[in-house]
Structure formats: structure tokens, C-alpha cells
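Here the structure is laid out as C-alpha cells; the discussion comes afterwards.
In the text below, chain A, chain B and the rest are named by the order of the sequence lines, each starting its count at 1.
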2 protein chains.
Amino acid sequence: MNKKVKNIIDGIFPISEKSFQEIESLLKFETFEKGETFIQRNKRNEKEYFILSGVCKSYLISPDGEEITISLFTENNILSPQSIRTSKNTSNLNFQALTNIELVSMNAKEFESLMIENIEIRHFGNTVLQNELISKVEKEIGLASLTAKERLIEFRKKYRLLENLIPHTDIASYLGITNISLSRLRKDLMS
Amino acid sequence: MNKKVKNIIDGIFPISEKSFQEIESLLKFETFEKGETFIQRNKRNEKEYFILSGVCKSYLISPDGEEITISLFTENNILSPQSIRTSKNTSNLNFQALTNIELVSMNAKEFESLMIENIEIRHFGNTVLQNELISKVEKEIGLASLTAKERLIEFRKKYRLLENLIPHTDIASYLGITNISLSRLRKDLMS
DNA sequence: GTTCTCCATTAACATTTGATAAAAAGCAAT
DNA sequence: ATTGCTTTTTATCAAATGTTAATGGAGAAC
């Protein structure tokens, strides 16, 4: 299992065997079932997460009670470490499993201690856990300026297999349209 | 001038006199004129910024050559420290002054050194320079799920004075609509 | 198998937004 | 004041999206 984590990490930011062993000691394996909300907005959260398998979403509840899907997270990705912890160590967002998922978690405080002691891990932390996330978030903002059809096309490029794996309602919410509109676009793009 | 910076910092995250003096030694005062693009995408950038006065925007150029306004930044705010630096120390976004602006900049590398030595500054750095930004970005993503009219209403709440201060074209781009549509909404909201 | 429920699709109509073009208003330079 | 430039508004029409309601299909529970 940790070998897989090592591969994920190396894919984003190569790290020495020695530094990885220090991180490895903090890792904890977790699983959640489809539909389970495993991080709740305004609740304490002191962990960082890697996704080993499955799909999950982050979401908010709008003023009129609707779920708004903010981001989608798939296998081999880091789950918004900073965005899930505000200055009060609480989460900004809810996170829900859209399929059964396997995660690896890591205590954030302990990781910070490692960052102080080890310059390579510090660099890793700054690079991976912050910048990768932010560029993801910014790309998603950039999407907002496209038309719904263009956004669906981009979604398909980015998340090839997801369209048949998770509820269309979530995809529609992620794209910022109704599921009826999504259905129309899907039909339109078939021809 | 640095007194103002101290006040801005204290407003977000109170910091001791001693720690502030360490930061203070890194501060540099800068001004840019209306219309000036002072940070360019894919160009090296090793600074963090505070805005002392004025308004600026971050933007991208879309595939068809259009400017897309991603974020607006006003007086007394921190200018996306992490988002302006990727892992390669280059900027993800362009930043342009919408009015004449006064900034205080700080070398990021030097600031990181301070963070290593001083636990209070480290805490400040983690809290302010990362989380505040990310919650801003997330709020802006949340906006995407509203209708254009609702987004304009939210914009007015958040940036009370801005509507008469910066080009409507930028506001429209920020809201994800055309300036013609913005004009219609403005008329609509008057009655 | 039957029923139930949830989800996706389709249809019809209303509303919103975009595109284009033209007019009006603001603003700077002279 | 006048000219020229840019921004904002207005109008008209086309396209995209939302709303509501009805239909069809897949899977779960019985």
C-alpha cells in the first residue's frame, strides 16, 4: 500500500527514500463507503489525505439548501489539504465519497513537525500540498468563463471515466448547470 | 507606512512587536499606475504582496485571446501569495492595476527563512498567506453556482465602492458575463 | 416477478444571456 | 467648445439554460 503512496508522491514531486520513510511513519489507511460524508464543514479536521482509489467530491450547501459540488477528486490525487483546514483547524467544505474509496491520511501537525526538521520534506510540503492544489482550484475557476457545453467537453477530457461512474446530478452541479441541461448537452454532443 | 502594514497584519492575525520587526526588515514599498500589468503569467516571481491602496485584478488569457478576470483585490488585502508562485517560482496569473496602487512587497525566500526560525511567523505564514487566500478562492468558486444577477448582488455586498471605481468590463468578466448583460442587470436592479 | 424509488431523459414553454449594431455618455487632448 | 476615443447603454434577434411536468429505465427491497 505504501509503495503505491510512494509512487503517487514521486509522480508529483520526487522525494528521497529516507525522507519518504519519515513520512511513511505517519500514514494511516482509511476507507469510506459510497455516499459517506467523511469530512464535514466547520468540523475539526487535522489530516491530509491521498486518494488511493475511488472518487469523491467537495461540496457546499447553498442558502436555499442545495448541494453545490465544488471539486471532484479521483484516484492518485491529493485531497485539498489546505482547503480542508481553515485557520481554526476546521474544514471549509464537506467531502463525500461518490464511490467506495480508499484513502491514506496523515496527521497535519505531525507532518508540520517533519517539515521543520527536514528541508526536503518542507520543500515537498510547500510544493505539493499547496501549489498543486491552488493550480487545481484556479483551473476550475477558469472553467467558469466557458459555456456549459465547453465545460462539459473539458470535464470529459479531464475525467475520462467519471461520467459513467458517478451520479449525473453531481456532474451537473460541478458544471454549474441543472441535470436536465446536462442531459440536453449530452444528447447534443452525441451527434 | 509600515505602521499601516502592521495594522493590516494585526487585523487578520495578531503578531508580536518583535516578530513584526523581523518581517518589517524585508518590506519594500512599490507603486504601479492604473493599467500596468505588474506580474506576468509564467514569469519568475519571488515576492509576496500587500495592497496598501487601490484595486487590482488577476486574469488569464483564454484560448480565443480574451482576458478573463479571475479575482479582484482591494485595499488592505493580501495578494494571492501562493497562487502567484507555482512550484517553478513562476506566476500562474497576470496581475494588473485597475487604479493606481500602492503595494508592499516581501521577498518570499527571505520570508520562508524567517518562518523556519520563528514559530510565530511560521504560524502567521501558514495562516494568513495560505488559508486566507484559499478561502477567498473557494468563495469565488461558490459564486459560480449563482445566477448572474445573484452574483452581481453578492459582488455589490463584497466590493461596495468598486462598481464606480473600475471598468465595468472587468466587473463583467469577473462575474462571467458580457458587459452588455451587466448593463441590463444594472438597469434591472434599479427598479 | 412486482413494486418502489431514484435517476436520466424528453418535451413544452419561459427566462436569461449572448451577438450584433447603433446610440448615448464620459473623458482626455487640443 | 470641439474632436476623437473609449465606455456604457439600448434595442433586436438568436441561442442557451431554467422550470415544470411527464415518461422511461435501472436497481433495491420485498
Side-chain angles (χ1 to χ4, degrees), chain A residues 33-37 55-57 59 62-69 72 96-100 142-156 159 161-191, chain B residues 33-37 55-57 59 62-69 72 96-100 142-156 159 161-191:
Chain A
E33 285 184 14
K34 180 176 172 176
E36 209 171 337
T37 293
V55 186
C56 70
K57 69 171 179 181
Y59 68 97
S62 79
D64 25 297
E66 246 186 325
E67 275 191 16
I68 303 168
T69 300
L72 296 170
Q96 182 183 39
L98 296 177
T99 66
N100 291 344
L143 285 184
S145 66
L146 305 175
T147 65
K149 193 194 284 188
E150 291 169 322
R151 289 201 297 279
L152 175 55
I153 292 170
E154 290 303 313
F155 167 84
R156 286 178 166 180
Y159 301 107
L161 307 163
L162 234 52
E163 198 168 343
N164 298 315
L165 200 59
I166 65 176
H168 286 187
T169 310
D170 288 316
I171 298 173
S173 171
Y174 174 68
L175 297 175
I177 56 179
T178 62
N179 48 357
I180 290 143
S181 190
L182 172 59
S183 189
R184 269 194 296 238
L185 291 176
R186 279 163 50 79
K187 188 181 180 185
D188 184 42
L189 287 174
M190 284 182 62
S191 53
Chain B
E33 285 184 13
K34 180 176 172 177
E36 210 171 336
T37 293
V55 186
C56 70
K57 69 171 179 181
Y59 68 98
S62 78
D64 26 298
E66 247 185 325
E67 275 191 15
I68 303 166
T69 300
L72 296 171
Q96 183 184 38
L98 295 178
T99 66
N100 292 344
L143 286 183
S145 66
L146 305 175
T147 66
K149 191 193 285 189
E150 290 169 321
R151 289 200 298 279
L152 175 55
I153 292 169
E154 290 303 313
F155 166 83
R156 286 178 166 179
Y159 302 106
L161 307 163
L162 234 51
E163 197 169 344
N164 298 316
L165 199 60
I166 66 176
H168 287 185
T169 309
D170 288 315
I171 298 173
S173 172
Y174 173 68
L175 297 174
I177 56 180
T178 62
N179 48 355
I180 290 142
S181 190
L182 172 59
S183 185
R184 267 193 298 237
L185 291 176
R186 279 163 51 78
K187 188 182 179 184
D188 184 41
L189 287 174
M190 284 182 62
S191 55

Going by heavy atoms in the side chains, are A/Leu146 and A/Ile153 under 4.5 Å from each other?
no

Quick one: B/Asp188 CG to D/dT10 P, roughly how many Å, whole number?
12 Å

For B/Leu72 and B/Ile166: C-alpha separation, side-chain torsions, deciding distance, then whether side chain to side chain contact (heavy atoms under 4.5 Å, CB included) applies.
CA-CA 10 Å; B/Leu72 296 171; B/Ile166 66 176; 4.3 Å; yes

Protein-to-nucleotide contact annotation, 5' to 3' order, nucleotides 7-18 of chain C [B base; S sugar-phosphate only; - none; under 4.0 Å, heavy atom]:
-SBBBB----BB

Mind calculating the distance between CG (B/Asp170) and P (D/dT6) to the nearest angstrom?
16 Å

Rounded to whole Å, the CD-P distance (B/Glu163 to D/dT8) equals 10 Å

Rounded to whole Å, how long is the line connecting atom CG of B/Asn164 with atom P of C/dA25?
17 Å

Residues forming a salt bridge (Lys or Arg N to Asp or Glu O under 4.0 Å) with B/Lys149, sequence neighbours excluded
B/Asp188

Specify the separation, in whole Å, of atom CD1 of B/Ile171 and atom C1' of D/dT7.
12 Å

Show your reasoning for whether side chain to side chain contact (heavy atoms under 4.5 Å, CB included) applies to B/Leu185 and B/Leu175.
CA-CA 12 Å; B/Leu185 291 176; B/Leu175 297 174; 6.0 Å; no

What is the distance, to the nearest angstrom, from the CG atom on A/Leu189 to the P atom on D/dT17?
11 Å

Apply the test side chain to side chain contact (heavy atoms under 4.5 Å, CB included) to residues B/Leu165 and B/Tyr159: give CA-CA distance (whole Å), side-chain angles for both, the deciding distance (0.1 Å), then the verdict.
CA-CA 10 Å; B/Leu165 199 60; B/Tyr159 302 106; over 6 Å; no

Given 3.5 Å as the limit, does a donor-acceptor pair link the side chain of A/Ser173 with the main chain of A/Thr69, or not?
yes

